[in-house]
Amino acid sequence: METYIQSGNIVFSSVQKTPEELVRCLENKIEKRFGFPVPAVLRTTEQLRQAVLNNPFLADDGEVGILHVLFLASLPSPVDVEKLDPNRSVPDAFVSHGQEVYLRLPNGVARTQLTNSYFDTRLRTIGTMRNWRTVTRLLELMEERDQG
């Protein structure tokens, strides 16, 4: 097991449980250890690789410092995705794709109205946002672990 910076990211291997079982196990252990529930969002190496490959904003201007991904715990319904407001926080932009919401935030995370809370409420799930550098570094760590 390896943590990556102080962002709640853990890279680990497991062959004994399904991803769903791992999420429940992690949530139970965190609650037991710290005394309160904390939702866990899990991605396999292949799922994270696909998330990286599917980012629609990579070709825009090459400025990765403004890119983020919101990883959703569950797949939102198409009806809920359709209700998202694309003009909520212009010039910020987002694209929902499966269990990820890709964000381009030129004015920064602190100034956007495209928050975890907004997406969690509208999509009726929970999500955790990571900047693009963290996402790609996590994928590197996961691929290294898989090869080792």
Side-chain angles (χ1 to χ4, degrees), residues 1 3-14 17-143:
M1 181 168 55
T3 60
Y4 177 65
I5 60 177
Q6 293 180 354
S7 61
N9 297 299
I10 303 170
V11 176
F12 64 93
S13 297
S14 175
K17 298 183 184 290
T18 67
E20 295 79 16
E21 291 171 328
L22 282 169
V23 167
R24 283 192 303 277
C25 180
L26 288 169
E27 289 174 342
N28 290 338
K29 287 184 181 288
I30 291 169
E31 184 170 5
K32 188 175 182 177
R33 171 86 157 82
F34 296 103
F36 54 89
V38 175
V41 177
L42 182 89
R43 293 296 186 268
T44 65
T45 305
E46 184 55 32
Q47 288 171 325
L48 191 59
R49 186 178 299 116
Q50 288 305 310
V52 167
L53 292 172
N54 289 328
N55 191 330
F57 296 117
L58 283 178
D60 283 357
D61 58 18
E63 190 178 344
V64 297
I66 63 173
L67 303 182
H68 297 76
V69 182
L70 181 67
F71 294 98
L72 304 175
S74 60
L75 185 65
S77 78
V79 171
D80 289 337
V81 172
E82 281 296 316
K83 291 179 184 176
L84 295 173
D85 179 6
N87 298 309
R88 178 175 171 82
S89 190
V90 175
D92 300 332
F94 68 89
V95 173
S96 177
H97 184 275
Q99 281 186 247
E100 282 77 43
V101 177
Y102 297 93
L103 299 123
R104 185 178 182 281
L105 307 176
N107 294 325
V109 174
R111 292 186 183 94
T112 190
Q113 293 180 38
L114 299 175
T115 62
N116 278 43
S117 178
Y118 171 74
F119 288 107
D120 289 356
T121 302
R122 300 301 185 288
L123 298 177
R124 294 188 276 182
T125 186
I126 57 161
T128 184
M129 189 183 301
R130 297 295 182 266
N131 69 52
W132 192 247
R133 286 186 181 93
T134 296
V135 171
T136 57
R137 181 62 184 138
L138 285 170
L139 179 58
E140 289 171 6
L141 291 171
M142 291 168 79
E143 290 175 334

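When a residue number appears, it is its place in the shown sequence, counting from 1. Note that the structure is predicted; figures quoted are calculated from it, not measured. All values below were derived from every heavy atom in this structure, side-chain atoms included, with hydrogens, water molecules and symmetry-related copies excluded.
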Notebook entry, point to check: Stepwise, does the side-chain contact (heavy atoms from CB on, under 4.5 Å) test hold for Ile30 with Phe36?
Noted result: CA-CA 8 Å; Ile30 291 169; Phe36 54 89; 5.7 Å; no
Margin query: Please give me the minimum heavy-atom distance between Glu100 and Val69, naming the atom from each residue.
Written below: CG-CG1, 3.7 Å
Next item on the list: For the pair Ser89 (side chain) and Thr112 (backbone), establish whether a donor and an acceptor sit closer than 3.5 Å, ignoring hydrogens and angles.
Entry: no
Note to self: Is there a side-chain contact between Val95 and Val101 in this structure, where contact means two heavy atoms from C-beta onward sitting under 4.5 Å apart?
What the structure shows: no
Item checked: Whether Gln47 side chain and Thr44 backbone form a donor-acceptor pair below 3.5 Å -> yes
Margin query: If we ignore hydrogens and angles and just use 3.5 Å, is the side chain of Arg33 paired with the main-chain N or O of Lys29 as donor and acceptor?
Written below: no
Item checked: Residues in side-chain hydrogen bond (donor to acceptor under 3.5 Å, both in side chains) contact with Gln99, at least two apart in sequence or another chain -> none
Next item on the list: Compare all side-chain heavy atoms of Arg104 with those of Asp92 and state whether any distance is below 4.5 angstrom.
Entry: no
Check: Do Asn116 and Leu70 have side chains that get closer than 4.5 Å, going by heavy atoms?
Finding: yes
Notebook entry, point to check: How many angstroms lie between CE in Met142 and CG in Asn9, if you round to the nearest 0.5 Å?
Noted result: 10.0 Å
Next item on the list: Please report the closest heavy-atom contact between Pro76 and Gly98, naming both atoms and the distance.
Entry: CD-O, 3.5 Å
Check: Would you say the side-chain atoms of Thr134 pair up with the backbone N or O of Arg130, donor to acceptor, closer than 3.5 Å?
Finding: no
Notebook entry, point to check: Which heavy atom in Arg43 sits nearest to a heavy atom in Leu72, and how many Å separate them?
Noted result: NH2-O, 2.8 Å
Note to self: For a 4.5 angstrom cut-off between non-hydrogen side-chain atoms, does Phe12 reach Leu42?
What the structure shows: yes
Item checked: Leu103/Met129 under side-chain contact (heavy atoms from CB on, under 4.5 Å): CA gap, chis, key distance, verdict -> CA-CA 9 Å; Leu103 299 123; Met129 189 183 301; 3.9 Å; yes
Next item on the list: Specify the closest pair of heavy atoms between His68 and Asn131, including all atoms of both residues, with the distance to one decimal.
Entry: CD2-CA, 3.5 Å
Next item on the list: Find out whether Val38 and Glu31 are in side-chain contact, i.e. whether some heavy atom of one side chain is under 4.5 Å from a heavy atom of the other.
Entry: no
Item checked: Inter-residue atom distance Glu82.CD - Ser96.OG, 0.5 Å rounding -> 9.5 Å
Item checked: Arg122 side, atom CZ; Asp80 side, atom CG - distance, nearest 0.5 Å -> 10.5 Å
Next item on the list: Indicate the atoms forming the closest heavy-atom contact of Val52 with Leu58, along with that distance.
Entry: O-CD1, 3.9 Å
Next item on the list: Determine, step by step, whether Ile66 and Phe57 satisfy the side-chain contact (heavy atoms from CB on, under 4.5 Å) criterion, reporting the C-alpha distance in whole Å, the side-chain angles of both residues, the deciding distance to 0.1 Å, and the verdict.
Entry: CA-CA 10 Å; Ile66 63 173; Phe57 296 117; over 6 Å; no
Margin query: So Val135 and Leu48, do their side chains get closer than 4.5 Å, heavy atoms only?
Written below: yes
Check: Has the side chain of Glu21 got a donor or acceptor atom that lies under 3.5 Å from a matching backbone atom of Thr18?
Finding: yes
Next item on the list: Please round to the nearest 0.5 Å and tell me the distance separating atom OG1 of Thr125 and atom CG of Leu75.
Entry: 9.0 Å
Item checked: Sidechain N-carboxylate O distance under 4.0 Å for Arg24, Glu27 -> no
Notebook entry, point to check: Is there a donor-acceptor contact under 3.5 Å from the side chain of Arg49 to the main chain of Leu139?
Noted result: no
Item checked: Crowding at CD, Glu46 (>12 non-hydrogen neighbours, <6.0 Å) -> yes
Notebook entry, point to check: Can you name the closest pair of heavy atoms from Ser14 and Leu22 and give their distance?
Noted result: OG-CD2, 3.7 Å
Check: Checking side chain to side chain donor-acceptor pair (under 3.5 Å) for the pair Ser117/Asp120: CA distance, chi angles, key distance, verdict?
Finding: CA-CA 5 Å; Ser117 178; Asp120 289 356; over 6 Å; no
Margin query: Quick test of your reading: applying ring-ring contact (aromatic ring centres under 6.0 Å, His included), list the pairs with at least one residue in residues 70-115, sequence neighbours left out, ordered by first then second residue.
Written below: Phe94-Phe119
